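Ligands are counted one by one from 1 in listed order, and the atoms in each one are counted from 1 as well. As the structure is a prediction and not an experimental result, all values here were calculated from the model.
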Amino acid sequence: MNLAVLGAQWGDEGKGKVVDLLTPNFDIVARYQGGHNAGHTVYVNGRKFVLRLIPSGMLHPGVVCVIGNGVVVDPTALFQEIDELMQAGIDVNGRLFVSGSAHLILPYHRDLDLLSEARRGERKIGTTSRGIGPAYEDKIARRGIRVGDLADPAGLDKNVRDNVNARNRLVHDSTMDADQVLARLLEQAERLRPLARDVSLMLNDAMRAGKRIMFEGAQGTLLDIDHGTYPFVTSSNATVGGACTGLGIGPRSVGAVMGVAKAYTTRVGEGPLPTELADDMGQRLRDSGNEYGAVTGRPRRCGWYDAVAVRYAARINGLDALALTKLDVLDGLPEIHICTAYRSGSRTLTEFPSDVALLAACEPVYETMPGWTRPTKGIRRFHDLPDAAKRYVARLEAVSGVSAAIISTGSDRSDTILREDIIHATLGSLTLQA
Ligand code: IMP
């Protein structure tokens with residue numbers, strides 16, 4: 001059976017670690033949306049790797065990694081990442097492929113991202129300024145440039161010129177040189193074209209041959225363009241439907257769906273975050289959890305676990321199980337709060353509101369649980385967790401409506417509890433090993 005692994009909160013849940021950990025169970029790992037706004041961090045034997053575009057399965061020799069049509073690809077960022085991996089001794093040759101239908105992020109997209117944020121002023125999104133939104137805008141407006149277009153220099157010439165000229169009209173005082181953009185792109189085409197494949201065909205052939213695939217989501221459910229806290233979202237479908245459209249596979253091929261959630265909540269960028277702690281406790285979570293963006297270095301906003309949001313993610317994605325990460329960050333807290341509902345005036349909401357203004361006005365309703373003093377860091381068996389930590393996990397599962405098949409207790413691959421009984425019960429024929 002295949003498995004989709006995606007974010008059940010606002011991104012940065014630790015998907016990189018979970019995907020890396022589970023990769024030995026799969027033949028192919030496929031990224032389906034987003035771009036180099038993602039920063040999937042993986043620690044192996046104390047060594048840190050940050051994967052932005054390349055699937056987090058890349059660190060396992062022999063596993064094939066694909067970047068689907070739903071991803072927006074900045075060739076400069078992709079080559080930089082390939083070079084970094086090669087320098088670290090990870091051979092990507094012959095096992096990294098990019099969909100010919102994936103759209104490219106070109107230099108003008110980055111400028112337009114900055115411009116659009118500046119024009120929004122106080123209403124800015126707080127994007128990663130990687131050009132993600134403008135690249136998806138071009139895709140939807142049917143003027144985007146795709147990896148496959150690199151095979152047709154004449155068509156490319158016209159389209160790039162049209163796009164650069166349109167951008168020059170939009171950006172005051174701008175004289176971006178289309179010749180330069182084209183020259184650089186044609187140079188990059190030499191390196192990118194050999195990686196291009198019909199990813200849908202490749203994955204469907206692989207499945208027919210009995211191969212197993214893991215689908216890797218980027219960002220998180222609450223940042224999804226349709227189901228997130230619009231307009232404070234990214235420009236792609238980070239939810240499970242994105243795996244189908246972003247790779248060209250049927251819904252039955254997705255198999256099981258695992259949501260990754262932190263044992264608390266973070267968000268980077270603007271937009272409502274009901275459980276946000278703008279106090280010492282928020283700073284404590286930020287410090288212990290090292291909650292600074294893997295891509296931009298921005299401090300993340302931190303708060304208590306929001307079960308309303310995770311329940312919503314379970315509904316939108318049909319989650320079979322959770323991977324609960326960073327439990328160890330809560331070590332040593334005297335008490336821990338869990339948000340189980342929202343209050344809006346005299347109303348109590350148990351469902352996540354689709355109206356962002358209503359969400360912004362909501363107050364969290366908390367349950368309080370005792371913390372634990374004995375550290376959980378590095379614990380590998382559920383049995384070895386302090387009783388209060390076991391009770392905290394059980395309560396999170398009950399209020400989120402999903403069981404935690406995996407619990408992460410540290411950044412290294414080995415700092416992980418795999419709960420075989422829950423894996424067996426929730427993921428059925430998928431028997432995962434670390
Ligand atoms: P964009 O994806 O750069 O357009 O940014 C849109 C929103 O999504 C901003 O609030 C970003 O901070 C957020 N975002 C984008 N990528 C990530 C991610 O990988 N982790 C967490 N937040 C992200």
Side-chain angles (χ1 to χ4, degrees), residues 5-19 31-42 49-56 67 70-74 77 81 103 105 109-120 122-140 216-239 242 246 259-262 264-273 276 286 289-303 309 313 325-326 356 359-360:
V5 175
L6 50 83
Q9 295 164 323
W10 277 270
D12 305 318
E13 299 94 348
K15 296 175 290 293
K17 168 173 169 165
V18 174
V19 170
R31 252 290 287 277
Y32 60 81
Q33 45 70 236
H36 65 309
N37 48 350
H40 293 175
T41 308
V42 181
F49 297 88
V50 181
L51 297 155
R52 299 172 186 92
L53 269 169
I54 296 179
S56 306
I67 296 176
V71 177
V72 280
V73 179
D74 180 330
E81 206 171 315
H103 281 248
I105 299 184
H109 291 128
R110 201 186 157 100
D111 291 359
L112 290 170
D113 200 348
L114 294 170
L115 177 75
S116 141
E117 284 286 87
R119 286 196 176 153
R120 279 176 168 270
E122 298 231 308
R123 290 169 39 255
K124 71 175 197 268
I125 311 288
T127 72
T128 58
S129 59
R130 297 291 185 271
I132 306 293
Y136 280 116
E137 277 177 47
D138 277 0
K139 170 177 175 170
I140 299 302
E216 179 179 7
Q219 290 83 48
T221 299
L222 283 313
L223 288 173
D224 181 278
I225 183 74
D226 286 289
H227 301 290
T229 53
Y230 191 91
F232 304 102
V233 291
T234 191
S235 300
S236 63
N237 285 116
T239 46
V260 186
K262 274 181 203 174
Y264 49 99
T265 306
T266 65
R267 168 168 208 164
V268 59
E270 306 301 318
L273 184 64
E276 180 166 17
R286 190 172 304 115
N290 189 24
E291 296 297 354
Y292 295 89
V295 171
T296 58
R298 289 182 291 176
R300 295 181 186 138
R301 299 156 64 194
C302 299
T325 59
K326 293 192 145 183
V356 78
L359 181 68

Problem - Proximal atoms of ligand 1 relative to Ala38 (non-hydrogen, under 4.0 Å) - result: 19 (O)
Handout entry: Minimum-distance protein heavy atom relative to atom 11 (C) of ligand 1
Key = Gly126 O, 3.5 Å
Exercise for the section: Check whether any side-chain heavy atom of Tyr32 lies under 4.5 Å from a side-chain heavy atom of Leu6, and answer yes or no. Expected result: yes
Fill in the blank from the handout: Rounding to 0.5 Å, atoms CG (Leu223) and OG (Ser235) come to a distance of 10.5 Å
Problem - Side-chain heavy atoms of Thr266 within contact of Arg301, under 4.5 Å - result: no
Completion exercise
In this structure, atom 2 (O) of ligand 1 is nearest to the protein heavy atom Thr234 OG1, 2.6 Å
Practice task
Within a distance under 4.0 Å of any heavy atom of Arg298, pick out the atoms of ligand 1 and give their elements.
Solution key: 11 (C), 12 (O)
Completion exercise
Any heavy atom of Trp10 under 4.0 Å from ligand 1? The part involved is backbone
Exercise for the section: Could you verify whether a donor N or O on one side chain and an acceptor N or O on the other, from Asp138 and His103, lie under 3.5 Å apart? Expected result: no
Practice task
Output yes when Arg286 and Glu291 qualify as a salt bridge under the 4.0 Å nitrogen-oxygen rule, no when they do not.
Solution key: no
Handout entry: Backbone of Leu115 reached by a side-chain donor or acceptor of Glu117 within 3.5 Å
Key = no
Handout entry: Heteroatom proximity flag, Arg130 to ligand 1, N/O under 3.5 Å
Key = no
Problem - Winner among Val233, Ile132, Thr128 once heavy atoms are compared against atom 6 (C) of ligand 1 - result: Val233
Exercise for the section: Verify side-chain hydrogen bond (donor to acceptor under 3.5 Å, both in side chains) between Glu216 and His40, making sure each step is shown before the conclusion. Expected result: CA-CA 10 Å; Glu216 179 179 7; His40 293 175; 2.7 Å; yes
Fill in the blank from the handout: The single option from Lys15, Lys262, Lys17 that satisfies side chain to side chain contact (heavy atoms under 4.5 Å, CB included) with Thr325 is Lys262
Problem - N or O pair under 3.5 Å between Ser129 and ligand 1 - result: no
Handout entry: Thr229, Ile225, Thr127, Ile125: member with heavy atom nearest to atom 4 (O) of ligand 1
Key = Thr127
Exercise for the section: Look at the side chain of Arg130 and the backbone N and O of Thr128, then say whether any donor-acceptor pair between them is shorter than 3.5 Å. Expected result: yes
Exercise for the section: Measure the distance from atom 21 (C) of ligand 1 to every protein heavy atom, then report the residue, atom name and distance (to 0.1 Å) of the closest one. Expected result: Asp12 OD2, 3.1 Å
Exercise for the section: List the closest protein heavy-atom neighbour of atom 10 (O) of ligand 1: residue, atom name, distance to the nearest 0.1 Å. Expected result: Val268 O, 3.2 Å
Handout entry: Contact (N/O only, under 3.5 Å) between Asp113 and ligand 1
Key = no
Practice task
Ignoring angles and geometry beyond distance, decide whether Gln219 reaches within less than 3.5 Å of ligand 1 through its nitrogen or oxygen atoms.
Solution key: yes
Problem - Distance-only donor-acceptor check, side chains Ser129 and Asp113, under 3.5 Å - result: no
Practice task
May I ask which of Leu222, Asn37, Leu223 has a heavy atom nearer to atom 23 (C) of ligand 1 than the others do?
Solution key: Leu223
Exercise for the section: Check whether any heavy atom of Arg300 sits under 4.0 Å from an atom of ligand 1. Expected result: no
